[in-house]
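Data block below; observations after.
The figures here come from the full heavy-atom set of this structure, side chains too, leaving out hydrogens, waters and symmetry mates. Per chain, numbering begins at 1; letters A, B, ... match sequence-line order.
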Amino acid sequence: MRMSKLFFQTLREVPADADVASHRLMLRAGLVRQVAAGIFDFLPLGLRVKHKIEQILREEMDAIDGQEVSLPVVQPAELWQRTGRWQAIGDDLARLKDRNGRDMVLGMTHEEVITEMAGGVINSYRQLPQMLYQIQTKFRDEPRPRGGLIRVREFTMKDAYSFHTDFADLDAYYPDVYQAYFNIFRRAGLQVIAVESDTGMMGGTMAHEFMALTPIGEDTLLLCDGCHYAANRQIATFVKQAAPAEDALPLEEVETPHVNTIAALAEFLGVPESRTAKAIFQVAEMDGDDGKSREQFVFVVVRGDMELNETKLTNAIGARRLRPATTDEIKAIGAEPGYGSPVGIDRAKVLLVVDDLIPQSSNLVAGANKEGWHYKNVNYGRDYTADLVLDVVAAAEGHGCPVCGEPLTAVRGVEVGNIFKLGTKYSEAMDAVYLDENGESIPMVMGCYGIGSGRLIASVIETSNDENGIIWPVSIAPYEVHLVSLATPKQPEIVAKVEEVYAALQAAGIEVLYDDRDERAGVKFNDADLLGLPLRLTMGKRGVENGIVEMKNRRTGEGSELALDAVVSGLRAALDAERALIAATVVPEKMG
RNA sequence: CGGGGAGUAGCGCAGUCUGGCAGCGCACAGCGUUUGGGACGCUGGGGUCGGAGGUUCAAAUCCUCUCUCCCCGACCA
């Protein structure tokens with residue numbers, strides 16, 4: 001491709017709206033443009049990268065017996081009503097009406113429509129298992145898109161769905177997908193780790209997320225160096241250190257004026273935060289009897305030095321979602337913000353959930369539900385009992401690994417892929433059944449597997465760039481080679497030589513971006529660094545007269561010289577070396 | 001949804017407080033000189049100052065309403 005004809009523009013100055021590196025670089029390099037919050041154009045260079053990633057996705061999905069299909073973006077609401085997600089999902093699901101007033105949705109994921117399709121096509125156990133995938137537009141009306149292509153509203157996703165006769169077959173297949181995902185990210189030049197994750201609204205029994213580690217990541221991960229335990233903070237567990245048991249002392253009211261935080265309380269009374277109990281007030285949206293939702297006040301007690309993990313709480317009580325309670329709501333159940341405790345509240349109005357560390361902790365300091373007062377020596381069992389006692393607190397850096405006990409490390413990551421064992425949630429709802437050997441009707445067992453291609457691109461750039469621009473892995477670079485001509489219009493014989501090389505590279509099947517623009521050398525070199533193609537060839541009067549083409553590796557910065565009559569072979573060798581490097585990053589990953 | 005910030009040419013910004021011809025740099029076009037790491041000179045094109053309403057002789061500037069975008073949080077299949 002000749003840059004003089006390319007539809008693109010590089011920007012010297014950074015658009016003010018972008019403060020994430022990948023976003024800035026994608027805008028500056030002319031890969032994408034933003035149309036609205038979380039909605040982007042892809043320009044030719046950006047689209048080439050996207051296509052290359054999607055080709056990798058296809059190859060790896062095909063390698064595990066996937067078959068590509070295409071499902072609609074606009075879907076009838078009726079499908080979503082059958083699984084209950086029409087009600088269960090909030091404003092993230094974009095809804096519209098067709099001309100007849102029928103409710104429709106923009107597909108944010110495709111479980112409903114593919115399960116309906118699979119149910120229609122698959123009748124017999126002889127047709128199972130099946131792995132179907134598509135590379136399709138999704139629309140999720142996210143409350144806050146951010147970070148360029150990191151979190152967007154409209155995006156392209158490779159979503160795959162497998163259908164099995166039973167759980168054993170899914171369990172046997174799931175590691176294949178797990179491995180395929182590592183292959184995909186390796187081929188795209190992205191280092192990832194897999195962590196256990198929450199199944200969330202998808203339902204299901206097991207899930208993994210594939211995380212690119214970067215400080216701009218939105219998820220917090222807890223990793224153990226000792227044993228390779230790795231989990232999203234949303235579900236991470238840890239070894240809880242119970243305080244030594246003590247004899248229960250008498251409940252005692254103490255005056256604590258203007259002490260309405262745990263830190264202030266601990267300091268005021270001279271006790272460690274671990275000897276206090278923290279009250280958290282939430283309102284949960286729960287499934288009601290009539291298919292409508294109802295609100296439930298949830299009173300949570302955790303030890304003062306712990307944080308509530310809202311995902312764990314949501315899952316524990318089966319809530320659709322949680323929100324913090326308002327001051328009025330807190331007072332209505334007989335509690336006092338800042339001085340809350342489960343002692344003396346109106347138990348009929350609340351669901352009382354207590355972290356499992358609390359019953360093991362004696363003589364805690366807790367609120368007295370009275371402004372300016374706390375109780376000392378609050379003991380679970382004697383002073384109050386809960387509706388639920390279970391793990392609802394968040395793991396944090398330094399906590400003990402639940403597997404081996406070593407301290408956990410917290411890091412940030414971007415979720416670039418996820419895999420779920422869905423089970424029969426959707427097949428039952430959509431009546432996607434098959435007949436087994438005995439002629440019995442059985443719901444198919446499903447798995448689902450997603451990778452967002454745009455977020456993958458952004459993650460690669462995020463982890464592979466320098467102060468001059470992007471550094472593309474050769475596998476997904478928009479072009480393999482940047483041919484920079486320094487010949488001026490007054491040097492027609494040099495121009496002719498460059499054109500010859502350009503033609504030879506094209507004839508050799510090498511993807512070459514040819515900077516034939518009438519620009520100064522500095523402009524061309526800077527644009528080449530910004531665009532970040534793996535190899536740069538420079539041809540100018542100086543080299544050509546000596547029969548030399550200069551080659552520079554974008555990744556290493558190393559320069560070398562190729563003989564003018566052996567450019568193609570020299571370049572091929574260099575490209576092969578880059579490809580070999582990516583292949584060599586294979587880290588055999590075992591699921592578990 | 002809560003908190004903070006910002007909308008003036010394709011991009012980066014000044015001008016707004018204190019109302020008085022809509023500016024600067026980059027980019028773009030023409031001509032000339034240049035030509036191996038973001039050249040120089042001259043000339044030129046490009047604006048509903050986010051939108052609507054109001055105040056005023058006069059509004060980018062003051063007032064009211066509104067839309068959009070960014071960041072933090074909440075949320076996130």
salt_bridge(E218(A), R146(A)) N-O dist < 4.0 Å: yes
Answer with base, sugar-phosphate or nothing: what part of the nucleic acid does V484(A) contact at a heavy-atom distance below 4.0 Å? nothing
Do R95(A) and D103(A) meet the salt-bridge criterion of a basic N to acidic O distance under 4.0 Å? no
With a 3.5 Å cut-off and heavy atoms only, can you find an N or O donor on one side and an acceptor on the other between the side chain of R144(A) and the base of rG3(B)? no
Taking only side-chain N and O atoms of R12(A), does any of them lie within less than 4.0 angstrom of OP1 or OP2 on rG38(B)? no
Given the P atoms of rG5(B) and rG44(B), what is the spacing between them in whole Å? 42 Å
If you take any heavy atom closer than 4.0 Å to RNA chain B, which residues from residues 522-532 of chain A end up in contact? G522(A), V523(A), F525(A), N526(A), D527(A), D529(A)
Once hydrogens and angles are ignored, does a donor-acceptor distance under 3.5 Å link the base of rG38(B) to the side chain of E519(A)? no
So what does E550(A) hit on the nucleic acid, given a heavy-atom distance under 4.0 Å: a base, only sugar-phosphate, or nothing? base
Taken to the nearest 0.5 Å, the spacing of E111(A) CD from S427(A) OG works out to 11.5 Å
Using a strict 4.0 Å threshold on nitrogen-to-oxygen distance, state whether E285(A) and R321(A) make a salt bridge. yes
Looking only at side-chain N and O atoms, does R146(A) come under 4.0 Å of OP1 or OP2 in rC72(B)? yes
With C1' as the reference atom in both, quote the distance from rG53(B) to rG10(B) in angstrom, rounded to an integer. 31 Å
Contact class for K138(A) vs. all strands (heavy atom < 4.0 Å): base, sugar-phosphate, or nothing? nothing
Report which part of the nucleic acid G147(A) touches: base, sugar-phosphate, or nothing (heavy-atom distance under 4.0 Å, all strands). sugar-phosphate
Answer yes or no: are there more than 12 heavy-atom neighbours, outside D91(A) itself, under 6.0 Å from its atom CG? no
If you look at every strand shown and take non-hydrogen atoms under 4.0 Å, does P143(A) touch a base, only sugar-phosphate, or nothing? base
Base of rG10(B), side chain of Q9(A) - is there a donor-acceptor contact under 3.5 Å? no
Can you tell me, in whole Å, how much space there is between the C1' of rA9(B) and that of rA27(B)? 11 Å
Need one value for A36(A): base, sugar-phosphate or nothing, where a base atom within 4.0 Å counts as base even if backbone is also close, heavy atoms only. sugar-phosphate
Both distances under 3.5 Å, Watson-Crick or G-U wobble: report the partner of rU48(B), or none. none
Identity of whatever pairs with rC62(B) - Watson-Crick or G-U, under 3.5 angstrom: rG54(B)
On RNA chain B, nearest-nucleotide positions of G90(A) versus K490(A): which is more 5'? K490(A)
Taking a pair as Watson-Crick or G-U wobble with both distances under 3.5 Å, which nucleotide is matched to rC1(B)? rG73(B)
Pairwise C1' distance for rC71(B) and rG46(B), with rounding to whole Å: 32 Å
For the residue pair H110(A) / K138(A), report whether a side-chain donor-acceptor contact shorter than 3.5 Å exists. yes
Please give the nucleotide sitting opposite rU16(B) as a Watson-Crick or G-U wobble pair, both distances under 3.5 Å, or none. none
With a 3.5 Å cut-off and heavy atoms only, can you find an N or O donor on one side and an acceptor on the other between the side chain of R323(A) and the base of rG73(B)? no
Nearest-nucleotide wise, let me know which of M157(A) and K552(A) is further upstream toward the 5' end of RNA chain B. K552(A)
Is K497(A) paired with E545(A) through a side-chain N to carboxylate O contact shorter than 4.0 Å? no
Compute both the distance and the angle, then confirm whether K421(A) meets the cation-pi test with F167(A): under 6.0 Å from the six-membered ring centre, within 45 degrees of the axis. no
Looking at R153(A) and D141(A), is there a salt bridge between them, counting it only when a charged N and a carboxylate O are closer than 4.0 Å? yes
If I pick the P atom on rG30(B) and the same atom on rC69(B), what distance separates them, to the nearest angstrom? 36 Å
Now, which nucleotide makes the Watson-Crick or G-U wobble pair with rG41(B), with each of the two distances under 3.5 Å? rC31(B)
Rounding to an integer number of angstrom, what distance separates rC1(B) and rG20(B) when you compare their C1' atoms? 43 Å
Quote, to the nearest angstrom, the C1' distance that separates rC70(B) from rC31(B). 42 Å
